[in-house]
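This report concerns only the one structure given below.
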Amino acid sequence: RDTLVTQVDNRPPGISFIMPVYNGAAFIPLSLPPLIAMVQRGEILEVIVIDDGSSDDSKQIAQEMGAKVLSSGGRIGPGGARNQAAEIALGDILWFVDADVVVHEDAALNLHRGFDDLQIVAVFGSYDTNPPARNFFSQYKKMVHHYYHQRASSEARTFWSGCGAVRRIAFLDVGGFDVERYQYPSIEDIELGTRLIERGGRVLLHRDVQ
């Protein structure tokens, strides 16, 4: 019995993946397959897509691809949608990724390593060097983000919900994303990071989560 308890207590934290979607039918056929594969490999527990009032086929596409699909009940914005999904998520870790972001196949494994230290309450990743958008402005902005992510201190003072994860208990303790102040996509993720740090948590920039 003692051995069993030790194994359970030392198990890696389970990850619930959460993706808010609004009219993302053009994106999710690219962004969901790597995540569904992670579930099949046992690297994450579940993929939750929360549809935020889409008028396209986002919800149906996500369901057909194997995601657990929720409805926000209307257009409430990505912060509110993430908060709703967090309430029913099964995992100890909530991994938020935007619908137009495609994660690398090793992202979940690297994310697990980022939470090895129990003082780390949140981990976020980095853009890679191969942005799919072909126009100059999009490529330039993604490469600039990659440059700063790869050279910044790993001890972060911010958070990025485009590809970032939070311990569920810490997320709920601070009240999740502030949807009263940020009703539209803005700096709600940066502000969340500030509150997590003010509560004594540490936020890690993990350059290998891409």
Side-chain angles (χ1 to χ4, degrees), residues 4 7-52 54 56-72 78-118 120-128 130 132 159-172 176-177 189 204 206-210:
L4 177 61
Q7 289 173 344
V8 171
D9 289 347
N10 291 337
R11 75 191 190 282
I15 296 176
S16 289
F17 178 92
I18 296 174
M19 176 183 288
V21 174
Y22 174 69
N23 289 346
F27 302 120
I28 56 178
L30 299 175
S31 56
L32 284 182
L35 303 162
I36 300 300
M38 291 175 190
V39 174
Q40 294 169 344
R41 294 194 298 266
E43 296 168 2
I44 61 178
L45 294 176
E46 58 186 347
V47 173
I48 302 174
V49 170
I50 178 157
D51 183 72
D52 192 29
S54 296
D56 65 6
D57 295 330
S58 295
K59 187 174 181 178
Q60 180 181 350
I61 293 170
Q63 287 173 331
E64 291 175 350
M65 297 185 74
K68 180 187 295 184
V69 180
L70 309 176
S71 174
S72 67
R82 295 186 193 105
N83 286 351
Q84 284 192 7
E87 292 289 341
I88 61 92
L90 300 175
D92 308 301
I93 303 294
L94 308 175
W95 184 13
F96 303 111
V97 175
D98 289 343
D100 60 349
V101 171
V102 181
V103 299
H104 287 198
E105 64 177 14
D106 62 353
L109 297 178
N110 286 320
L111 195 64
H112 273 294
R113 297 185 187 104
F115 284 101
D116 283 345
D117 186 337
L118 293 180
I120 300 295
V121 297
V123 176
F124 66 94
S126 167
Y127 281 111
D128 63 16
N130 189 32
F159 181 68
W160 178 44
S161 59
C163 182
V166 185
R167 293 190 190 274
R168 185 173 185 270
I169 190 170
F171 181 81
L172 296 178
F177 292 97
D189 49 357
L204 176 70
H206 196 322
R207 299 177 185 87
D208 293 331
V209 179
Q210 297 193 14

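What you are looking at is a predicted structure, and each value in this text was computed from that prediction instead of being measured.
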Heavy-atom side-chain proximity of [X] to [Y] below 4.5 angstrom:
X: P33; Y: I36; answer: no
X: M38; Y: W95; answer: yes
X: Q84; Y: L70; answer: no
X: E46; Y: I88; answer: no

Which value, rounded to the nearest 0.5 Å, describes the distance between [X] atom [atom1] and [Y] atom [atom2]?
X: I44; Y: F17; atom1: CD1; atom2: CZ; answer: 7.0 Å
X: R167; Y: L172; atom1: CZ; atom2: CG; answer: 13.5 Å
X: Q60; Y: S54; atom1: CD; atom2: OG; answer: 12.5 Å
X: R168; Y: E87; atom1: CZ; atom2: CD; answer: 6.5 Å
X: D208; Y: H104; atom1: CG; atom2: NE2; answer: 10.5 Å
X: H206; Y: F115; atom1: NE2; atom2: CZ; answer: 10.0 Å

Under the side-chain contact (heavy atoms from CB on, under 4.5 Å) criterion, do L32 and V49 qualify, and how do the steps go? CA-CA 9 Å; L32 284 182; V49 170; 3.9 Å; yes
Under the criterion side-chain contact (heavy atoms from CB on, under 4.5 Å), which of L111, L94, L90, D92 is the partner of I15? L111
Treating [X] as the side-chain partner and [Y] as the backbone partner, does any N or O pair qualify as donor plus acceptor under 3.5 Å?
X: H112; Y: E43; value: yes
X: S58; Y: A25; value: yes
X: N23; Y: D56; value: yes
X: R207; Y: S126; value: no
X: N83; Y: F177; value: yes

What closest approach, in Å, do [X] and [Y] show between heavy atoms, and which atom pair accounts for it?
X: A85; Y: I48; value: CB-CG2, 4.0 Å
X: L45; Y: G91; value: CD1-CA, 3.6 Å
X: K59; Y: S71; value: NZ-CB, 4.1 Å
X: V121; Y: A170; value: CB-CB, 4.1 Å
X: A81; Y: I50; value: O-CD1, 3.3 Å
X: I120; Y: G114; value: CG2-O, 3.6 Å

Could you tell me whether R82 and D98 have a side-chain N and a carboxylate O separated by less than 4.0 Å? yes
Can we call the ring centroids of F96 and F159 under 6.0 Å apart? no
Mark yes when over 12 heavy atoms from residues, nucleotides or ligands other than E105 sit less than 6.0 Å from its CD; otherwise mark no. no
